A.B. asks: 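Take this structure, written in structure tokens, and hold onto it; I'll ask about it next.
Treat the numbers as computed from the prediction; the structure is a model and nothing was measured.
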Amino acid sequence: KYKKIRKIFLKFIDNGQSIYDSQLIPKNDSLNYMSDDLINDFIYRSEILGLDVYAWIDMYKIWSKDYYPNQFNHFYNVCPDCLESDINGRSDKNIKLDQIQSKEWEGVFISPLNDNSNSYLLSLIFELINNFDLDGIIMDYLRYQDYYYGYNKEGVNHFTNEYNINPLDINREFILRKYGFNKSEIDSVKKIWDDYKVQKITDLLINIKNKSIENSLYFDVGVSVKPNPVLAKSRWSQDWAYWINNNLVDYLVVENYTHEFYDFNFNN
């Protein structure tokens, strides 16, 4: 039956931890039995069977446990300023992980608006590509946690300096009107901010492509995405229609998880 299978997605990075011996992030404590030799043997045996092996990687989501990561080299501890902030300016580093969170909460995210976040992710990807004979990567959580996130302090400051308006004020329309903005100007500013958030994720994909070309590294790039391309862009800043049309990604894993038959078909 394996002959019907063509691709294997092996999760290499989860919760900011690896299954391999990384120089950049800590290893998953429960997977100490895993070794690079064992992983390489798995890839070799898969190739004999004609199977492509892809590294599945959690990107901006780096933690979802009800306790704090205790490894000193976990990115949660390495760069607390990289953590995501919500529309009220509240950083994920202030979340009490030992308390019950809302049903919508998916975990602690790092921010696409922070340059250190994207440099970290870029380094992780190429550590994998250089260390293992992989056919490609699949990136999960290449997005913001939701539309009301994306207000990392560094990103907010960059945007404020460039456009002379604080994005935290954009969603407080009464403040913009107080500054003298009319309705069309407010809509224009909101679009600029939304596009700014989207572009930061797209820039990471551009950098992956450029670096792979510069280093003559050839591998498939895939992304796990929300199923509706319009909602994916407006709510999670995943502009996957643009990514496909501009050859920034080779594959999509479409998360069409809805249980409603109409919604399932509508997404398709």
A.B. asks: Does Asn77 reach the main-chain N or O of Asn73 with its side chain, forming a donor-acceptor pair under 3.5 Å?
C.D. replies: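 It does not hold such a pair.
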A.B. asks: Any ion pair linking Lys190 and Asp194 (charged N to carboxylate O, less than 4.0 Å)?
C.D. replies: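 Judged by the 4.0 Å cut-off on N to carboxylate O distance, Asp194 and Lys190 do not form a salt bridge.
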A.B. asks: Going from OH on Tyr147 to OG on Ser234, what distance comes out if it is rounded to the nearest 0.5 angstrom?
C.D. replies: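 Output value for this atom pair is 11.0 Å.
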A.B. asks: Looking at residues at least two apart in the chain, or sitting in another chain, which of them share a ring-ring contact (aromatic ring centres under 6.0 Å, His included) with Tyr67?
C.D. replies: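 Here the qualifying residues are Trp63.
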A.B. asks: Taking atom CE of Met139 and atom OH of Tyr60, what is their separation to the nearest 0.5 Å?
C.D. replies: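 Rounded to the nearest 0.5 Å, the CE-OH separation comes to 9.0 Å.
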A.B. asks: For the hydrophobic clusters of this structure (ILVMFWY residues joined by side-chain heavy atoms under 4.5 Å, transitively), does one cluster hold both Val108 and Tyr120?
C.D. replies: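 In one cluster: yes.
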A.B. asks: Looking at side-chain heavy atoms only, is the closest gap between Asp66 and Gln99 below 4.5 Å?
C.D. replies: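 Not in contact.
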A.B. asks: Give me the atom names and distance for the closest heavy-atom approach of Ile110 to Ser117.
C.D. replies: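 Minimum heavy-atom contact is CB-OG, 3.7 Å.
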A.B. asks: Are the side chains of Trp243 and Gln238 in touch, meaning some heavy atoms are under 4.5 Å apart?
C.D. replies: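 Yes, at least one pair of side-chain atoms sits under 4.5 Å.
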A.B. asks: For the pair Glu84 (side chain) and Gln145 (backbone), establish whether a donor and an acceptor sit closer than 3.5 Å, ignoring hydrogens and angles.
C.D. replies: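 Checking the backbone N and O of Gln145 against the side chain of Glu84, no donor-acceptor pair under 3.5 Å is found.
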A.B. asks: Does Met59 form a side-chain contact (heavy atoms from CB on, under 4.5 Å) with Leu124? I'd like the steps, not just the answer.
C.D. replies: CA-CA 10 Å; Met59 297 291 281; Leu124 271 182; over 6 Å; no
A.B. asks: Check for me, please, whether Leu122 and Leu113 land in the same ILVMFWY cluster - side-chain distances under 4.5 Å, paths through other members count.
C.D. replies: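 Same cluster.
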A.B. asks: Any chance you could lay out the ring-ring contact (aromatic ring centres under 6.0 Å, His included) test for Phe109 and Tyr149, step after step, and finish with the verdict?
C.D. replies: CA-CA 10 Å; Phe109 280 59; Tyr149 283 88; 7.2 Å; no
A.B. asks: Using the rule that two of Ile, Leu, Val, Met, Phe, Trp, Tyr join whenever any of their side-chain heavy atoms come within less than 4.5 Å, decide whether Phe42 and Leu49 are in one cluster.
C.D. replies: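 Yes; tracing contacts between hydrophobic side chains, which count when under 4.5 Å, links both residues.
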A.B. asks: Could you give the distance from CG (Leu128) to OG (Ser123), rounded to the nearest 0.5 Å?
C.D. replies: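 The distance works out to 11.5 Å.
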A.B. asks: According to disulfide bond (SG atoms under 2.5 Å apart), does anything in residues 24-78 pair up with another residue at least two apart or in another chain? List the pairs.
C.D. replies: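 Those involving residues 24-78 do not exist here.
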A.B. asks: Any side-chain heavy atom of Lys211 within less than 4.5 Å of one from Leu217?
C.D. replies: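 Of all side-chain heavy-atom pairs linking Leu217 with Lys211, none is under 4.5 Å.
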A.B. asks: Check this for me: does any side-chain nitrogen of one of Glu214 and Lys209 sit under 4.0 Å from a carboxylate oxygen of the other?
C.D. replies: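 Answer for the salt bridge query: no.
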A.B. asks: Give a yes or no on whether the backbone of Ser64 and the side-chain of Glu106 come within a donor-acceptor separation of less than 3.5 Å.
C.D. replies: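 Flag not set: sc Glu106 to bb Ser64 has no pair under 3.5 Å.
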A.B. asks: Tell me if a side-chain donor or acceptor on Tyr20 pairs with a main-chain N or O of Met34 at a distance below 3.5 Å.
C.D. replies: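 No.
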A.B. asks: Is the closest side-chain heavy-atom distance between Ser35 and Leu38 below 4.5 Å?
C.D. replies: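 They are in contact (side-chain heavy atoms under 4.5 Å apart), so the answer is yes.
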A.B. asks: Any heavy-atom pair between the side chains of Lys7 and Asp135 that's under 4.5 Å?
C.D. replies: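 No, every pair of side-chain atoms sits at 4.5 Å or beyond.
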A.B. asks: May I ask you to say whether Asp140 pairs ionically with Lys11, meaning some side-chain N is under 4.0 Å from a carboxylate O?
C.D. replies: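 Here Asp140 does not pair with Lys11 in a salt bridge, since their nearest N and O are not under 4.0 Å apart.
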A.B. asks: Give a yes or no on whether a salt bridge exists between Asp52 and Arg6, defined as a side-chain N under 4.0 angstrom from a carboxylate O.
C.D. replies: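 Looking at Arg6 together with Asp52, the answer is no, because their closest N to O distance does not fall below 4.0 Å.
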A.B. asks: Mark yes or no for whether Asn28, through its side chain, and Ser30, through its backbone, hold a donor-acceptor pair below 3.5 Å.
C.D. replies: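 Present.
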A.B. asks: As an exercise, state the distance from CG of Asp133 to CD1 of Ile39, rounded to the nearest 0.5 Å.
C.D. replies: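 These two atoms lie 13.0 Å from each other.
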A.B. asks: Residues in salt bridge (Lys or Arg N to Asp or Glu O under 4.0 Å) with Lys27, at least two apart?
C.D. replies: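 So Lys27 forms a salt bridge (Lys or Arg N to Asp or Glu O under 4.0 Å) with Asp21.
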A.B. asks: Please examine the side chains of Lys200 and Tyr144, heavy atoms only from C-beta on, and report whether any two atoms are closer than 4.5 Å.
C.D. replies: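 They are in contact (side-chain heavy atoms under 4.5 Å apart), so the answer is yes.
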A.B. asks: Indicate the atoms forming the closest heavy-atom contact of Phe219 with Gly136, along with that distance.
C.D. replies: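 Nearest pair, atom of Phe219 first, then Gly136: CB-CA, 4.1 Å.
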A.B. asks: Does Ile208 belong to the same Ile/Leu/Val/Met/Phe/Trp/Tyr cluster as Ile129, with side-chain heavy atoms less than 4.5 Å apart forming each link?
C.D. replies: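 Linked, Ile208 and Ile129 end up in one cluster.
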A.B. asks: Please test Ile165 against Val189 for side-chain contact (heavy atoms from CB on, under 4.5 Å), starting from the C-alpha separation and ending with a verdict.
C.D. replies: CA-CA 9 Å; Ile165 185 168; Val189 170; 4.0 Å; yes
A.B. asks: Identify the heavy atoms of Pro227 and Val254 that sit nearest to each other, and give their distance.
C.D. replies: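 Heavy atoms of Pro227 and Val254 come nearest at CA-CG1, 3.5 Å.
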A.B. asks: If you count heavy atoms of other groups shown closer than 6.0 angstrom to NZ of Lys233, is the number above 12?
C.D. replies: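 Counting neighbours around NZ of Lys233, 12 or fewer heavy atoms of other residues, nucleotides or ligands fall under 6.0 Å, so no.
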A.B. asks: Do you know the tightest heavy-atom contact between Asp239 and Val198?
C.D. replies: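 Closest approach of Asp239 to Val198, heavy atoms only: CB-CG1, 3.7 Å.
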A.B. asks: Between Tyr44 and Ile19, is there shared hydrophobic-cluster membership here, with clusters defined by ILVMFWY side-chain heavy atoms closer than 4.5 Å?
C.D. replies: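 The answer is no; the residues belong to distinct hydrophobic clusters.
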A.B. asks: With a 3.5 Å cut-off and no angle check, do the side chains of Ser22 and Glu127 form a donor-acceptor pair?
C.D. replies: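 Yes, a side-chain donor-acceptor pair sits under 3.5 Å.
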A.B. asks: What is the distance from atom OG1 of Thr160 to atom CG of Asp169, rounded to the nearest 0.5 Å?
C.D. replies: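 Thr160 atom OG1 to Asp169 atom CG measures 8.0 Å (nearest 0.5 Å).
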A.B. asks: Quick one: disulfide bond (SG atoms under 2.5 Å apart) pairs with a partner in residues 32-118, sequence neighbours left out?
C.D. replies: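 Every pair satisfying disulfide bond (SG atoms under 2.5 Å apart) with a residue in residues 32-118: Cys79-Cys82.
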A.B. asks: Are any of the side-chain heavy atoms of Leu83 and Ile62 separated by less than 4.5 Å?
C.D. replies: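 Yes, their side chains come closer than 4.5 Å.
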A.B. asks: Counting only N and O atoms by type, is there a donor-acceptor contact under 3.5 Å from the side chain of Asn245 to the main-chain atoms of Ala241?
C.D. replies: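 It does hold such a pair.
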A.B. asks: Show your working on side-chain contact (heavy atoms from CB on, under 4.5 Å) between Asp86 and Asp92 and close with a plain yes or no.
C.D. replies: CA-CA 8 Å; Asp86 65 15; Asp92 276 8; over 6 Å; no
A.B. asks: Rounded at 0.5 Å granularity, tell me how far CD in Glu162 sits from CD1 in Ile192.
C.D. replies: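 If I round to the nearest 0.5 Å, the distance is 9.5 Å.
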A.B. asks: Decide side chain to side chain donor-acceptor pair (under 3.5 Å) for Asn268 and Asn256; before the verdict, give the C-alpha distance in whole Å, the side-chain angles of both, and the deciding distance to 0.1 Å.
C.D. replies: CA-CA 8 Å; Asn268 285 340; Asn256 198 2; 3.1 Å; yes
A.B. asks: Taking Asp187 first and then Lys191, would you say they form a salt bridge - that is, a charged N and a carboxylate O separated by under 4.0 Å?
C.D. replies: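 Result for this pair is no, no salt bridge flagged.
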A.B. asks: Is there any ring pair (Phe, Tyr, Trp, His ring centres under 6.0 Å) pair reaching into residues 185-215, and which pairs are they, with sequence neighbours excluded?
C.D. replies: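 Sorted result for residues 185-215: Tyr151-Trp193, Phe159-Trp193, Phe159-Tyr196, Trp193-Tyr196.
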A.B. asks: Within a strict 4.5 Å, meaning less than it, do heavy atoms of the Gln199 and Ile206 side chains meet?
C.D. replies: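 Yes, close enough: below the 4.5 Å cut-off.
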A.B. asks: Heavy atoms only: give me the nearest Leu248-Val221 pair and the separation to one decimal.
C.D. replies: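 Nearest heavy atoms, Leu248 then Val221: O-CG1, 4.0 Å.
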A.B. asks: Give the C-alpha distance, both sets of side-chain angles, the deciding distance and a yes or no for side-chain contact (heavy atoms from CB on, under 4.5 Å) between Leu134 and Leu10.
C.D. replies: CA-CA 10 Å; Leu134 294 162; Leu10 180 61; over 6 Å; no
A.B. asks: Under 3.5 Å, side chain of Asn228 to main-chain N/O of Leu231, donor-acceptor pair present?
C.D. replies: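 Flag set: sc Asn228 to bb Leu231 pair under 3.5 Å.
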A.B. asks: Say whether, by atom type as modelled, one donor and one acceptor occur between the side chain of Ser91 and the main chain of Ser85 under 3.5 angstrom.
C.D. replies: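 Such a contact is absent between Ser91 side chain and Ser85 backbone.
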A.B. asks: Look only at the side chain of Asn118 and the backbone of Pro112, and say whether a donor-acceptor pair between them is shorter than 3.5 Å.
C.D. replies: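 Judged by distance alone, yes, a pair lies under 3.5 Å.
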A.B. asks: Please confirm whether the backbone N or O of Trp236 pairs with a side-chain atom of Asp146, one donor and one acceptor, at under 3.5 Å?
C.D. replies: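 Between the backbone of Trp236 and the side chain of Asp146 there is no qualifying donor-acceptor contact (under 3.5 Å).
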A.B. asks: If the threshold is 4.0 Å, N to carboxylate O, is there a salt bridge linking Lys93 and Asp81?
C.D. replies: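 Salt bridge flag = yes for Asp81 with Lys93.
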A.B. asks: Apply ring-ring contact (aromatic ring centres under 6.0 Å, His included) to residues Tyr257 and Phe264 and explain how you reach the verdict.
C.D. replies: CA-CA 8 Å; Tyr257 299 150; Phe264 182 85; over 10 Å; no
A.B. asks: Which other residues belong to the hydrophobic cluster containing Tyr251, where Ile, Leu, Val, Met, Phe, Trp and Tyr are joined when side-chain heavy atoms lie under 4.5 Å apart, directly or via other members?
C.D. replies: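 Joined to Tyr251, directly or through intermediates: Phe9, Tyr54, Trp56, Ile138, Val253.
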